[in-house]
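Read through the structure below, which is laid out as structure tokens, and then see the notes.
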Amino acid sequence: MSEEASSRVLAEIDDARSEIVKAVRGLIEVPSVNPNYPGIREQDYLGHESEANLLLRDQFGHLFDKAEMLGSRKKRENFAGVVSGSGGGRSLLLNGHVDVVPAGGRDLWEHDPFSATESDGRIYGRGASDMKGGVIASFYAVEALQRAGVRLAGDLVVHAVAGEELGEHEVGTGCLIGAGYTADAAIVVEPSANFDGPLAINPAAAGLLWGRVRVEGLAGHPGLRRELIRAGGAGVRAGVNAIDKGYIVLQALYRIEEQWGLSKQQSLFKPGQFVVMPGTIHGRGKDIDIPFVFAEYCEIDFLVWYPPKEEAGAVRDEIERYIARATSIDPWLADNPPVVTWHVDFPGYQTAADHDIVRALEGAHQCTTGHPAILEAFAAACDATWISQVDIPVVNYGPGHLADAHKVNESCSIDEILAATRSLALTAMNWCGIAE
């Protein structure tokens, strides 16, 4: 990779700082909330993902030899582009999503979440960190290469997709991969810094499961509560409070999590990353939603992060066996065992830490930041999973922090957006090669 060509590219990125900020703000101003997100009305947001990608097409479409809007769902289109290489080089894919989670209570924000306010070197707004800063970084990496007159030997492919926030890969990334927008390696540009750390490289992420366990109870008068909890009471003849029995299940989930802290460890993952987290609990009488009757059912929804090297089926079986053992000593649950169902299976991904794409990105990061890259696992789920499923080596690397995502006053550092843009551009030069 020519030092002179690299210097030209980096200078173009530095000169484009105000343009990059303007582009990030413009993309944030499109309220591209995933229209299927729970708690919102689909009709309020359907079409905004397409609007965001049309904005990207109109601004950056001229960079590509082939570019198109493409979707598998009406009003939920993706944008993909290919800069054709001269030949003989390896191809690279840059992938990001334009859908965001709802803003929540707007009265809690210091600024309107879709006004994209710039303050103290940061851009504030829904999607700033997750992940519109990263999306613009990928497009400006392409822009800088072309402004600097650098032609690559391999193809450079860019995705801007819908549907990621709910794992709808068939709507977004899976749709574009199926249409042939693939490469020899890929970088997803999700916020890669872990909590409050610096920009990092994520060669792996845990798998994700969403489970639900349901416990049945037996209705009874609350005046007989003593018969359920005191020695010598009538027990099930007076009724069974399903919430009491659900608490036994809840304790079992906590014990699994504690054991996993010791038994499930893997390089690149922080200690305790593999967890079983109760997320919602619902319990009540079947026809009565006030506490004037023993709860007739209790449902606990829980989220599981598990090592990517493990099979989801084996993890599910492990959890179900543990719940069965833990609850079998309770007479009621022994005769009326909890029922576990599974609703989401989002596999993890793992690329070898010494893979060429990791090394190429490491070198670019050190060159542009002056610091060695931190290699650690991504602490959430992302579309790198679906890219890895078609045997494309993939890493995650992008501006922002998970600690800033999905929350009030979400923001992203402008300097970090520019740093990611520089690293992506130099990685493309290193990986794809420069045309003779």
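Atom CG of D58 has more than 12 neighbouring heavy atoms from other residues, nucleotides or ligands inside a 6.0 Å radius. Heavy atoms from other residues, nucleotides or ligands lying under 6.0 Å from CD1 of I229 number more than 12. Remark: R237 CZ is loosely packed, at most 12 non-hydrogen atoms of other residues, nucleotides or ligands lying under 6.0 Å away. Atom CD of Q251 is surrounded by more than 12 heavy atoms from other residues, nucleotides or ligands within 6.0 Å. No more than 12 heavy-atom neighbours from other residues, nucleotides or ligands sit within 6.0 angstrom of CD on E311.
One N or O on the side chain of R25 and one on the backbone of A116 form a donor-acceptor pair closer than 3.5 Å. A donor-acceptor pair is defined here as one N or O able to donate and one able to accept, closer than 3.5 Å; no such pair exists between the side chain of R41 and the backbone of P35. E227 places no side-chain N or O within 3.5 Å of a backbone atom of A238 that could act as its donor or acceptor partner. At least one donor-acceptor pair under 3.5 Å links the side chain of N53 to the backbone N or O of E77. The backbone N or O of S91 sits less than 3.5 Å from a side-chain atom of W431, completing a donor-acceptor pair. Judged by distance alone, with hydrogens and angles left aside, the side-chain atoms of S129 form a donor-acceptor pair with the main-chain N or O of H401 at under 3.5 Å. K245 places no side-chain N or O within donor-acceptor distance of the main-chain N or O of N241, the cut-off being under 3.5 Å. Side-chain N or O atoms of S50 include one that pairs as donor or acceptor with a backbone N or O of K75 at under 3.5 Å. Put simply, the side chain of S192 gets close to the backbone of A200: a donor and an acceptor are under 3.5 Å apart. Distance alone, capped at 3.5 Å, places no donor-acceptor pair between the T385 side chain and the A381 backbone.
Counted by atom type alone, S423 and Y397 present one or more donor-acceptor pairs between their side chains at under 3.5 Å. E51 and H48 share a side-chain donor-acceptor pair at under 3.5 Å. No hydrogens or angles considered: nothing links the side chains of D404 and S411 as a donor-acceptor pair under 3.5 Å. There is no side-chain donor-acceptor pair under 3.5 Å between Y124 and E118. In this structure, a donor-acceptor pair under 3.5 Å is absent between the side chains of N78 and E49. Between the side chains of N202 and E376, no donor-acceptor pair of N or O atoms lies under 3.5 Å. Side chain to side chain, Q273 and Q265 fail the donor-acceptor criterion of an N or O pair below 3.5 Å. A side-chain N or O of T117 and one of S115 form a donor-acceptor pair less than 3.5 Å apart.
A salt bridge does not link R90 to D155: none of the charged side-chain nitrogens sits closer than 4.0 Å to a carboxylate oxygen. Remark: E29 does not engage K22 in a salt bridge, criterion side-chain N to carboxylate O under 4.0 Å. Of the charged side-chain nitrogens involved, none lies within less than 4.0 Å of a carboxylate oxygen, so that E320 and R316 do not count as a salt-bridged pair. Here E296 does not pair with K286 in a salt bridge; the nearest charged N to carboxylate O distance is not below 4.0 Å. The pair R76-D99 fails the salt-bridge criterion, with no side-chain N (NZ, NE, NH1 or NH2) lying under 4.0 Å from an Asp/Glu carboxylate O. Using a 4.0 Å cut-off between charged nitrogen and carboxylate oxygen, R225 and D244 count as a salt-bridge pair. Of the charged side-chain nitrogens involved, at least one lies within less than 4.0 Å of a carboxylate oxygen, so that R17 and D415 count as a salt-bridged pair.
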Can Q146 and E12 be said to form a side chain to side chain donor-acceptor pair (under 3.5 Å), step by step? CA-CA 9 Å; Q146 296 202 4; E12 292 291 349; over 6 Å; no
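With contacts defined as side-chain heavy-atom distances shorter than 4.5 Å, the pair Q266/Q350 qualifies. Between V24 and I417, some side-chain heavy-atom pair lies under the 4.5 Å cut-off. The shortest distance between side-chain heavy atoms of T173 and I387 falls below 4.5 Å. Counting heavy atoms from C-beta on, the side chains of M131 and V189 come closer than 4.5 Å. Between I187 and N396, the closest side-chain pair of non-hydrogen atoms is not below 4.5 Å. V188 is not listed as a side-chain neighbour of V395, based on a closest heavy-atom distance of 4.5 Å or more.
A distance of 5.0 Å separates CD in E68 from CG in L70, rounded to the nearest 0.5 Å. Taking NE2 of H169 as the reference point, atom CG of D383 lies at 9.0 Å (rounded to 0.5 Å). Note: I374 CD1 to L268 CG = 12.0 Å, rounded to the nearest 0.5 Å. A distance of 8.5 Å separates CD in Q259 from CD in E318, rounded to the nearest 0.5 Å. Expressed to the nearest 0.5 Å, how far CD1 of I201 lies from OG1 of T351 amounts to 11.5 Å. Rounded to the nearest 0.5 Å, atoms OG1 (T421) and CD (E416) are 10.5 Å apart.
Considering T280, V340, L253, V215 as possible partners of I300, the one that fulfils the side chain to side chain contact (heavy atoms under 4.5 Å, CB included) test is L253.
Residue pairs meeting the ring pair (Phe, Tyr, Trp, His ring centres under 6.0 Å) criterion with at least one member in residues 279-332, sequence neighbours excluded, are F302-W342. Listed by first and then second residue, the ring pair (Phe, Tyr, Trp, His ring centres under 6.0 Å) pairs that reach into residues 199-222 are W210-H343, sequence neighbours excluded.
Between W386 and F346, the distance separating the two ring centers is shorter than 6.0 angstrom. Ring-centre distance between Y140 and F60: below the 6.0 Å cut-off.
When all heavy atoms of P38 and L166 are compared, the pair lying nearest together is CD-CD2, 4.3 Å. What you find for A377 and N194 is that their closest heavy atoms are O-ND2, 3.4 Å. The minimum heavy-atom distance linking S328 with A334 is given by the pair O-CB, 3.5 Å. Of all heavy-atom pairs between A326 and A252, the closest is CB-CB, 3.7 Å. Between V276 and P278, the shortest heavy-atom distance links the atoms O-CD, 3.4 Å. For the pair G61 and F79, the tightest heavy-atom approach, listed with the atom from each and the gap, is CA-CZ, 4.1 Å.
Under the side chain to side chain contact (heavy atoms under 4.5 Å, CB included) criterion, A324 pairs with no residue at all, not counting sequence neighbours. Scanning for side chain to side chain contact (heavy atoms under 4.5 Å, CB included) contacts around L55 gives L27, V30, with sequence neighbours left out. Residues passing the side chain to side chain contact (heavy atoms under 4.5 Å, CB included) test with T327, sequence neighbours excluded: I248, V249, I323, L333, P338.
Using the six-membered ring where Trp is involved, F64 and F139 have ring planes that are perpendicular, over 60° apart on the 30 and 60° scheme.
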Listed pairs under 3.5 Å, donor-acceptor, residues 156-165 side chains, sequence neighbours left out:
{"unit_1": "H159", "atom_1": "ND1", "unit_2": "N95", "atom_2": "ND2", "d": "3.1"}
{"unit_1": "H159", "atom_1": "NE2", "unit_2": "Y181", "atom_2": "O", "d": "2.9"}
{"unit_1": "E164", "atom_1": "OE1", "unit_2": "H97", "atom_2": "NE2", "d": "3.1"}
{"unit_1": "E165", "atom_1": "OE1", "unit_2": "H406", "atom_2": "NE2", "d": "3.3"}

